[in-house]
Amino acid sequence: MADIKNNPYLAHMHDAMDEGAAYNNGSTSTKGTNSAFDALVPGKTTAAQQEAAEEALHNGLTGRSFSQKYKDILAKRRELPVNKQRQNFLDLIHNNQFVVLVGETGSGKTTQIPQYVVLDMLPQIEGKIIACTQPRRVAAMSVAQRVAEELDVKLGQEVGYSIRFEECTSSKTVLKYCTDGMLLREAMSDNMLSRYSAIILDEAHERTLNTDILMSLMKNIASKRRDIKVVVMSATLDSEKFQKYFNDAPLLTVPGRTFPVEIYYTPEPERDYLESAIKTALQIHATEPEGDILIFLTGEEEIEEACRLLRARGDDIIRSANCGPLLIVPLYSTLPPNMQQKIFEKAPEPRTKGGAPGRKIVVSTNVAETSLTIDGIVYVIDPGFSKQKVYNPRVRVESLLVSPISRAAAQQRAGRAGRTRPGKCFRLYTEKSYNNDLIEQTYPEILRSNLGSIVLQLKKLGINDLVHLDLMDPCAPEVLMRALELLHYLGALDDDANLTPIGHAISEFPIDPQLAKMIISAVEYGCTNEVLSIAAMLSVPNVFLRPREAQRAADMAKAEFAHMDGDHMTLLNVYHSYKSSSEPSQWCWDNFLQYRSLKSADNIREQLRRVAVKNNIPLLSNNFSSPEYYPKIRKALTAGYFMQVAHLERNGQYLTVKDNQIVLLHPSSVLERKPEWVIYNEFVLTKRHYIRTATEIKPEWLLEIAAHYYELSNFPPCEGKRILEKIALRNAIVQDEQERKKRKKEKKDKESKEGKEGKDKEKKEKKEKKDKKERKEKKERKEKKEKK
DNA sequence: GAGCACTGC
């Protein structure tokens, strides 16, 4: 205590200690010289007390004295806008179960709020810990790293993170950053999230599928656990919706710290946004002061095209208008990491000393909207489009569609220009269009997705009444119905929509339900090892590369792996070859394969293998030289994908079974010979309808493996149906015949058995008679003898 | 004869 009193730097620590003593009901806590936390009473701290604890001589979490680095960071933390609101925040959290917090970029909410909650709830004393969720893995990881530094602890000890494939926590952990999907998984085995005293949901405005489910779950849990606190953090001004959803929760608004961005609209609508974007970029280069440019486009092809045009025309204006040199960099997620690094390179130097400055132009997809931040961007060009996922429940297909962005997304894009200094945003649409045509918010993902996997998870979470599920935006009944239907056909739900043992097993796997069903069914066919590999390969982005300049070479490389049964077996070949290569990265390069995808497939396979072992699913392989080796694998695939079958009609077109959609085999398929029956993994909707990743099957397998689905009476008419009907009829006849034969044989057996028994009896009786007679005669002879 | 916006368990 004396130390603190003598230290002018800790002026208000003194008061805090006294207050703490008062809360402790007068009990002496003078050993509090070592831990400033002694002054804190769980659930009743003040901002002053918290600040005092942060300025104490020793770290309340570790008992160690604070490092100089800690003190330096602390000074900066005090400057964050959110720190000015600490007392307000504490007041709200003390008096409410839910708090909604809106904080713009740079407010410090993600790093500071969880720390305030830790100091307030003192998880190390209370035994329950605090979680803060993020939609993305990298964010969870990097924020945890930062907060560990801020609290002067080692990452993975008192502060940790938990993401797929990486658990970086310990028994000491009091604050855990995790992806929202990870927390959802955890809830599946601990429905009340009983380990936690507070959950902080960050980036809630992004409305990812998992965040939406988690919000609903927290609402449910909070109504049953009065002790848990929930903080929902968001970046939008659409806070009323969040407040209302969380039972009229109070709102705290924290200003951000960004620079102003001037917005420019086009006076007239642009017909060709690509052309217009390029023109605008070159015009900025020719007329605006130094500063890098970010252009938002929709996809890889468009971006590469734009880069080509920019390079060509850039050279022209550099010559004619005496502009500085340009560095043009594409950016999209499937770009190899070393190419992605280029976005962080500096703009080129002027060609001559004192000449016009160079400029960097980044041409990017949505990655640059949320996931990646590029420093030095001053100008943003926003054509107003992005590719968005849409789900059509009628044909059960998710597809990507180029669509206008929302006003919220447009604001987000503009904001990217003001991170380091005041910037400008050029919108390639009219102001009128912005106000009238763009929707306010992007539709939440839950309204645009296939919910098969999510519905299963909800069932596992103990939520049975899905129709009345309390979601911020309720999903369409038809989408829900499709999900239930799928799970029912897979055998995951019974007739009353309750989870079956198979459903429990499927839900353990962090993959599509069909893939999980495939793995579980593989036990029956003795090929779980191979099916685990295929499932992993199907869960990662396409492994086959096909660079524009080397298409033929790439196709030839792929042909080396081709398997005549189809694309699934081809993937299996690739995986096996990958595993046996000595230098995987070089090997991938040589074979036109995406190393990143294969590495990830290997990771996923290992995870799936662990889940399988945990659920007593044996790891089996058939004898490779057996002729049944591949057919058995294909049967296991069919057990998962019997709802995605296409039949080649006599006119040479494939028709999907039951939905009767005309589809083409994707040109990337190895199945050039067009087998009559195929299962497919994916339905791709572009200019035409394609089925991608297909494997040949036998129609009789469908009736054998999925008899409940192939109840042909409710199928619409088509050739495939007629063939299946014939097979079913033949099966029925064969079965009848077999049964008739069986009955006949049984009868015969019975008769002959009876006959035999009869004869035996006769024989026995005869023998007995004979014996008796003999005995009698013997006896008589004996008696005669004796009489003599 | 063609694509894979972006996350995530």
Side-chain angles (χ1 to χ4, degrees), chain A residues 133-140 162-167 178-189 203 206-214 296-305 331-335 364-372 385-390 398-403 405 409 412 442 444-445 448-449 453-454 456-457 460-461 506-513 515-516 536 539-548 551-552 554-555 558 594 596-597 600 603-604 607-608 610-611 664-669 672 682 684-693:
Chain A
T133 69
Q134 298 289 320
R136 281 169 293 280
R137 293 160 50 92
V138 258
S162 171
I163 59 179
R164 190 185 193 183
F165 306 130
E166 237 183 296
E167 180 70 36
C178 60
T179 47
D180 39 20
M182 204 68 189
L183 192 64
L184 210 51
R185 277 273 145 190
E186 221 181 300
M188 284 171 65
S189 51
E203 314 287 1
E206 287 189 25
R207 303 291 309 277
T208 65
L209 196 48
N210 286 336
T211 308
D212 267 20
I213 301 293
L214 216 42
F296 284 103
L297 293 177
T298 65
E300 172 177 344
E301 209 179 304
E302 207 175 74
I303 287 168
E304 293 294 352
E305 174 74 6
L331 175 65
Y332 42 87
S333 74
T334 50
L335 202 67
S364 169
T365 61
N366 273 355
V367 251
E369 211 175 280
T370 47
S371 308
L372 266 168
F385 292 95
S386 70
K387 275 193 193 165
Q388 286 166 30
K389 187 170 74 182
V390 287
E398 277 182 351
S399 51
L400 288 171
L401 214 64
V402 174
S403 328
I405 60 169
Q412 175 76 20
T442 312
E445 209 185 349
R448 300 182 280 125
S449 310
S453 186
I454 281 292
L456 195 64
Q457 285 188 49
K460 191 76 187 275
L461 288 166
I506 292 179
S507 72
E508 290 285 314
F509 286 93
I511 44 174
D512 279 350
L515 288 175
S539 305
V540 297
N542 188 13
V543 296
F544 297 106
L545 291 172
R546 201 164 182 262
R548 188 184 287 263
Q551 293 186 342
R552 271 190 60 126
D555 290 346
K558 185 175 175 180
Q594 185 96 41
R596 229 192 317 175
S597 293
S600 159
N603 257 332
I604 291 175
Q607 191 188 25
L608 298 180
R610 275 203 303 268
V611 175
L664 296 169
L665 209 52
H666 197 273
S668 67
S669 176
E672 280 168 2
E682 214 180 344
V684 186
L685 202 70
T686 49
K687 281 170 203 158
R688 292 155 139 178
H689 295 178
Y690 291 103
I691 48 173
R692 191 159 50 191
T693 316

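Every chain is numbered from 1 and lettered A, B, ... according to where its sequence line falls, protein lines coming before strand lines.
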Query - Closest-nucleotide 5' rank along DNA chain B - winner of Asn366(A) and Phe165(A) - result: Asn366(A)

Query raised in the report: Using a cut-off of 4.0 Å on non-hydrogen atoms, how would the nucleic acid contact of Phe509(A) be classed: base, sugar-phosphate, or nothing?
Result: nothing

Report summary line: Hits for ring-ring contact (aromatic ring centres under 6.0 Å, His included) against Phe544(A), two or more places apart or cross-chain, chain-then-number order -> none

Query raised in the report: Is Glu301(A) atom CD crowded by more than 12 heavy atoms from other residues, nucleotides or ligands, each under 6.0 Å away?
Result: no

Report summary line: Atom CD of Glu304(A) and atom P of dA2(B) are separated, to the nearest Å, by 20 Å

**Report entry** Whole angstrom value for the distance that separates C1' of dA5(B) from CD of Glu369(A)
**Finding:** 10 Å

Requested in this report: Mind calculating the distance between CG (Asp212(A)) and C1' (dT7(B)) to the nearest angstrom?
Outcome: 14 Å

Query raised in the report: Base, sugar-phosphate, or nothing for Pro541(A), non-hydrogen atoms under 4.0 angstrom?
Result: nothing

Report task. Pick base, sugar-phosphate or nothing for Leu209(A), based on heavy-atom distances below 4.0 Å to the nucleic acid. Result -> nothing

Query raised in the report: Looking at dG3(B), dA2(B), dT7(B), which one has an atom nearest to any side-chain atom of Val367(A)?
Result: dT7(B)

Report task. Please determine, for the side chain of His666(A), which listed nucleotide (dC6(B), dA2(B), dC9(B)) has the closest atom? Result -> dA2(B)

Report summary line: Checking dC9(B), dA5(B), dG3(B) against the side chain of Lys387(A) (C-beta onward), the nearest is dA5(B)

Query raised in the report: Of the candidate nucleotides dC6(B), dG3(B), dA5(B), which contains the atom at the shortest distance from the side chain of Ser333(A)?
Result: dC6(B)

Requested in this report: With heavy atoms under 4.0 Å as the rule, sort Thr179(A) into base, sugar-phosphate or nothing.
Outcome: sugar-phosphate

Query raised in the report: NA contact type, Arg137(A), heavy-atom cut-off 4.0 Å: base, sugar-phosphate, or nothing?
Result: sugar-phosphate

Query raised in the report: With a 4.0 Å cut-off on heavy atoms, is Arg164(A) in touch with a base, just the backbone sugar-phosphate, or nothing at all?
Result: base

**Report entry** Sidechain N-carboxylate O distance under 4.0 Å for Arg136(A), Glu206(A)
**Finding:** yes

Requested in this report: Starting from P on dC9(B), measure out to NZ on Lys460(A) and report it in whole angstrom.
Outcome: 17 Å

Report summary line: Value for CG (Leu297(A)) from CD (Glu302(A)), rounded to nearest 0.5 Å, stands at 5.0 Å

Query raised in the report: Within the structure shown, what part of the strands sits under 4.0 Å from Thr365(A) by heavy-atom distance: base, sugar-phosphate, or nothing?
Result: sugar-phosphate

Report task. Report the C-alpha distance between Tyr332(A) and Glu304(A) in whole Å, list the side-chain angles of each, state the deciding distance to 0.1 Å, and finish with yes or no for side-chain hydrogen bond (donor to acceptor under 3.5 Å, both in side chains). Result -> CA-CA 10 Å; Tyr332(A) 42 87; Glu304(A) 293 294 352; 2.5 Å; yes

Query raised in the report: Taking atom C1' of dG3(B) as reference, at what distance in whole Å does atom NZ of Lys389(A) sit?
Result: 18 Å

Query raised in the report: Looking only at side-chain N and O atoms, does Tyr690(A) come under 4.0 Å of OP1 or OP2 in dA2(B)?
Result: yes

Query raised in the report: DNA chain B: Asp555(A) or Glu445(A), which has the more 5' nearest nucleotide?
Result: Asp555(A)

Query raised in the report: Whole Å only: how far is the CZ atom of Arg688(A) from the C1' atom of dG3(B)?
Result: 14 Å

Query raised in the report: In whole angstroms, how far is the P atom of dA5(B) from the CG atom of Leu685(A)?
Result: 15 Å

**Report entry** Chi angles and distances behind the side-chain contact (heavy atoms from CB on, under 4.5 Å) call for Gln134(A), Thr179(A)
**Finding:** CA-CA 5 Å; Gln134(A) 298 289 320; Thr179(A) 47; 5.5 Å; no

Requested in this report: Starting at atom CZ of Arg692(A), determine the distance to atom P of dA2(B), rounded to an integer number of angstrom.
Outcome: 13 Å

Query raised in the report: Which nucleotide sits closest to the side chain of Arg136(A): dA2(B), dG3(B), dG8(B)?
Result: dG8(B)

